[in-house]
Chemist: 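Supplied in structure tokens, the structure appears directly below.
Counting from 1, the numbers follow the sequence of the chain as shown. Reckoned from all heavy atoms, side chains included, excluding hydrogens, waters and symmetry mates. Keep in mind that this is a model prediction, so the values were computed, not measured.
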Amino acid sequence: SRNLLLLLLLLLLLLLCPNGTRQRLPQTIIIGVRKGGTRALIEMLSLHGDVVAARNEVHFFDWESNFERGLSWYVSQMPLSLPGQLTVEKTPAYFTCSQVPQRLHRMDPNVKLLLILRDPTERVLSDYTQVFYNRLQKHKQYHPIESVLLKDGEMNLDYKALNRSLYYLHMQNWLQYFPLGHIHIVDGDRLIEDPFPEMKKVEKFLGLSPQINASNFYFNKTKGFYCLRDHGRERCLHSSKGRAHPEVSRPLLDQLYSFFHEPNRKFFQLVGRTFNWNDTTRFQKYHQ
Ligand SMILES: *[C@@H]1O[C@H](CO)[C@@H](O)[C@H](O)[C@H]1NC(C)=O
Ligand SMILES: *[C@@H]1O[C@H](CO)[C@@H](O)[C@H](O)[C@H]1NC(C)=O
Ligand SMILES: *[C@@H]1O[C@H](CO)[C@@H](O)[C@H](O)[C@H]1NC(C)=O
Ligand SMILES: *[C@@H]1O[C@H](CO)[C@@H](O)[C@H](O)[C@H]1NC(C)=O
């Protein structure tokens with residue numbers, strides 16, 4: 001039948017594949033953070049001809065049921081690559097999962113890590129929004145944002161999404177296994193506002209030839225953000241921008257920003273770099 005013929009053709013193609021085309025362990029991993037812009041980052045990185053990316057989030061190091069399957073399973077989740085090409089996967093949950101750094105270090109102490117971060121207040125709201133919409137769509141009950149963020153008027157540290165935005169906590173864990181030089185931090189807020197300079201830095205960190213250029217990005221005025229142009233093909237990334245955030249009162253917003261002030265300072269100290277994470281005007285710009 002036709003299907004059989006197609007299958008045979010596919011097998012033939014596989015046999016004729018140039019020497020060295022196979023699946024490889026990733027040499028680069030995007031470790032997070034959830035709602036930080038990991039999808040945009042991997043799509044933009046894939047503009048580079050020497051990069052091949054796993055299609056899905058693999059969840060190897062953070063899900064026990066996957067980890068137990070061993071490295072051969074992990075490799076089997078990777079795309080085919082040529083020698084010299086870089087294999088990359090992204091699983092945003094890695095950054096905040098405490099077992100991951102040690103496990104990853106055991107696999108490859110020289111792996112290059114990419115971490116994309118954004119303003120922790122915006123991140124926690126975005127994290128809440130995603131869960132909120134999922135529940136709304138399933139007609140399930142959801143908790144108003146005040147009731148999850150606050151407990152007796154104080155920030156509720158039991159709320160996992162809040163914990164995920166305490167970047168210094170998680171970073172301390174990673175730095176026990178990897179030197180800072182192995183972890184490149186992408187400024188997620190800048191990547192959205194002006195992707196090209198951030199992507200040049202990523203290219204350099206990964207030791208890739210300079211291929212990504214300014215004309216790979218163009219600003220779509222209707223959408224209000226950048227889209228990608230790849231060999232004439234244009235595509236815009238999915239964005240939750242159109243999705244309104246649930247109402248957050250001004251006092252709660254101020255409380256969030258001041259809550260993160262100290263954790264952010266600790267993070268800046270840890271990585272020897274500062275980020276513009278207390279710009280409340282940016283929040284207004286995105287959520288008017
Ligand atoms: C926040 O997360 C870290 C790392 O997973 C964990 O060690 C810590 O106990 C958490 N804090 C709270 C209050 O849940
Ligand atoms: C930018 O890269 C694209 C391929 O991604 C190429 O077609 C184009 O010529 C490049 N432009 C410049 C100015 O190098
Ligand atoms: C810009 O965004 C609008 C709205 O989503 C879309 O309809 C249009 O196709 C986009 N244009 C380009 C050139 O990407
Ligand atoms: C943000 O924090 C930095 C240092 O902590 C401070 O110098 C700056 O004035 C703050 N900016 C705003 C808009 O609050």
Chemist: Should the pair F67 and F60 be assigned to parallel (<30°), tilted (30 to 60°) or perpendicular (>60°) ring geometry?
Modeler: tilted
Chemist: Take a 6.0 Å sphere around NZ of K160 and say whether it holds more than 12 heavy atoms from other residues, nucleotides or ligands.
Modeler: no
Chemist: For the residue pair M44 and L41, establish whether any side-chain heavy-atom pair is separated by less than 4.5 Å.
Modeler: no
Chemist: Quiz question: by atom type and distance under 3.5 Å, do the side chains of T87 and R24 form a donor-acceptor pair?
Modeler: no
Chemist: So do L180 and M171 actually touch side chain to side chain, heavy atoms under 4.5 Å?
Modeler: yes
Chemist: State the CG-CG distance between N3 and L7, to the nearest 0.5 angstrom.
Modeler: 8.5 Å
Chemist: Can you find a side-chain donor-acceptor pair between K112 and T28 that sits under 3.5 Å?
Modeler: no
Chemist: So which atom in F178 and which in P101 form the shortest heavy-atom distance, rounded to 0.1 Å?
Modeler: CE1-O, 3.6 Å
Chemist: Is the shortest heavy-atom distance from the side chain of Y257 to the side chain of D119 under 4.5 Å?
Modeler: yes
Chemist: Any side-chain heavy-atom pair from L115 and L117 closer than 4.5 angstrom?
Modeler: yes
Chemist: Backbone N or O of V148 within a donor-acceptor pair of the N156 side chain at under 3.5 Å?
Modeler: yes
Chemist: Between the side chains of R123 and D127, is the shortest nitrogen-to-carboxylate-oxygen separation below 4.0 Å, so that they form an ion pair?
Modeler: yes
Chemist: To the nearest 0.5 Å, how far apart are CZ in R118 and OG in S126?
Modeler: 4.5 Å
Chemist: Answer with yes or no whether the hydrophobic clustering places L256 together with V131; edges join I, L, V, M, F, W, Y residues whose side-chain heavy atoms lie under 4.5 Å apart.
Modeler: no
Chemist: To the nearest 0.5 angstrom, please state how far the CZ atom of F217 sits from the CG atom of L228.
Modeler: 6.0 Å
Chemist: Report yes if some heavy atom in the side chain of K90 is under 4.5 Å from a heavy atom in the side chain of I29; otherwise report no.
Modeler: no
Chemist: Which heavy atom of L150 sits nearest a heavy atom of M155, and at what distance?
Modeler: CD2-CE, 4.0 Å
Chemist: Could you tell me whether a side-chain N or O of R229 sits under 3.5 Å from a main-chain N or O of S215, the two making a donor and an acceptor?
Modeler: yes
Chemist: Answer yes if the ring centres of F61 and Y74 are under 6.0 angstrom apart, and no otherwise.
Modeler: yes
Chemist: Rounded to the nearest 0.5 Å, what separates atom CE in M199 from atom CG in N213?
Modeler: 12.0 Å
Chemist: Apply side-chain contact (heavy atoms from CB on, under 4.5 Å) to V124 and F259, showing your working.
Modeler: CA-CA 12 Å; V124 76; F259 169 75; over 6 Å; no
Chemist: Please confirm whether the backbone N or O of I212 pairs with a side-chain atom of E203, one donor and one acceptor, at under 3.5 Å?
Modeler: yes
Chemist: Quick check on the hydrophobic clustering: are L45 and L47 connected, directly or via other members, by side-chain heavy-atom contacts under 4.5 Å?
Modeler: yes
Chemist: Quick one: do M78 and L71 end up in the same hydrophobic cluster if we chain Ile, Leu, Val, Met, Phe, Trp and Tyr together by side-chain heavy atoms under 4.5 Å apart?
Modeler: yes
Chemist: Can you tell me if Q211 uses its side chain to pair, donor with acceptor, with the backbone of D50 under 3.5 Å?
Modeler: no
Chemist: Using every non-hydrogen atom in the two residues, find where G153 and Q255 come nearest and quote the distance to one decimal.
Modeler: O-NE2, 2.9 Å
Chemist: Tell me whether E234 at atom CD has more than 12 heavy atoms from other residues, nucleotides or ligands lying less than 6.0 Å away.
Modeler: yes
Chemist: Using a 3.5 Å distance criterion without hydrogens, assess whether the side chain of R22 forms a donor-acceptor pair with backbone atoms of S81.
Modeler: no
Chemist: Counting neighbours of NZ on K204 that are heavy atoms of other residues, nucleotides or ligands and sit closer than 6.0 Å, is the number greater than 12?
Modeler: no
Chemist: How about CD on E64, more than 12 heavy atoms from neighbouring residues, nucleotides or ligands closer than 6.0 Å, or not?
Modeler: yes
Chemist: Quick one: pull up OG1 in T121 and CG in D279 and give me the separation to the nearest 0.5 Å.
Modeler: 11.0 Å
Chemist: Hey, are R250 and D254 close enough for a salt bridge, meaning a charged N less than 4.0 Å from a carboxylate O?
Modeler: yes
Chemist: Taking atom CH2 of W63 as the centre, report whether more than 12 heavy atoms of other residues, nucleotides or ligands fall under 6.0 Å from it.
Modeler: no
Chemist: Let's go through H182 and N110 carefully: what are the C-alpha distance in whole Å and the side-chain angles of both, what is the deciding distance for side-chain contact (heavy atoms from CB on, under 4.5 Å) to 0.1 Å, and is it a yes or a no?
Modeler: CA-CA 7 Å; H182 286 209; N110 293 312; 3.9 Å; yes
Chemist: Within the 4.5 Å heavy-atom criterion, are V202 and V186 side-chain neighbours or not?
Modeler: yes
Chemist: What's the separation between atom CD1 in I31 and atom CG in L114, rounded to the nearest 0.5 Å?
Modeler: 8.5 Å
Chemist: Looking at F267 versus W277, is the centre-to-centre ring distance below 6.0 Å?
Modeler: yes
Chemist: Which heavy atom in F205 sits nearest to a heavy atom in G181, and how many Å separate them?
Modeler: CE1-O, 3.4 Å
Chemist: State whether a side-chain donor-acceptor pair under 3.5 Å links Y94 with E89.
Modeler: yes
Chemist: Using side-chain heavy atoms (C-beta onward) and a distance below 4.5 Å, is Y167 in contact with P263?
Modeler: no
Chemist: Check whether any side-chain N or O of T38 sits under 3.5 Å from a backbone N or O of P92 as a donor-acceptor pair, and report yes or no.
Modeler: no
Chemist: State whether a side-chain donor-acceptor pair under 3.5 Å links Y168 with N264.
Modeler: no
Chemist: Yes or no on side-chain contact (heavy atoms from CB on, under 4.5 Å) for L25 and D108, after CA distance, side-chain angles and deciding distance?
Modeler: CA-CA 9 Å; L25 284 175; D108 179 5; over 6 Å; no
Chemist: Does E43 pair with R235 as a salt bridge, N-O distance under 4.0 Å?
Modeler: yes
Chemist: Spell out, as yes or no, whether a donor-acceptor pair under 3.5 Å connects the side chain of S46 to the backbone of I42.
Modeler: yes
Chemist: With side chains defined as the heavy atoms from C-beta onward, is the minimum distance between R34 and Q130 less than 4.5 Å?
Modeler: yes
Chemist: Testing the basics here: between S165 and P120, what is the closest heavy-atom pair and its distance to 0.1 Å?
Modeler: OG-O, 2.9 Å
Chemist: Does any donor atom in the side chain of H170 or N173 lie under 3.5 Å from an acceptor atom in the other side chain?
Modeler: no
Chemist: Under a 4.5 Å side-chain heavy-atom rule over Ile, Leu, Val, Met, Phe, Trp and Tyr, are V58 and V100 clustered together?
Modeler: yes
Chemist: Does a salt bridge link E193 with R190, judged by any charged N lying under 4.0 Å from a carboxylate O?
Modeler: no
Chemist: Evaluate L191 against I116 for side-chain contact (heavy atoms from CB on, under 4.5 Å), listing each step before the verdict.
Modeler: CA-CA 9 Å; L191 187 79; I116 179 165; 3.6 Å; yes
Chemist: So which atom in L208 and which in H48 form the shortest heavy-atom distance, rounded to 0.1 Å?
Modeler: CB-NE2, 3.6 Å
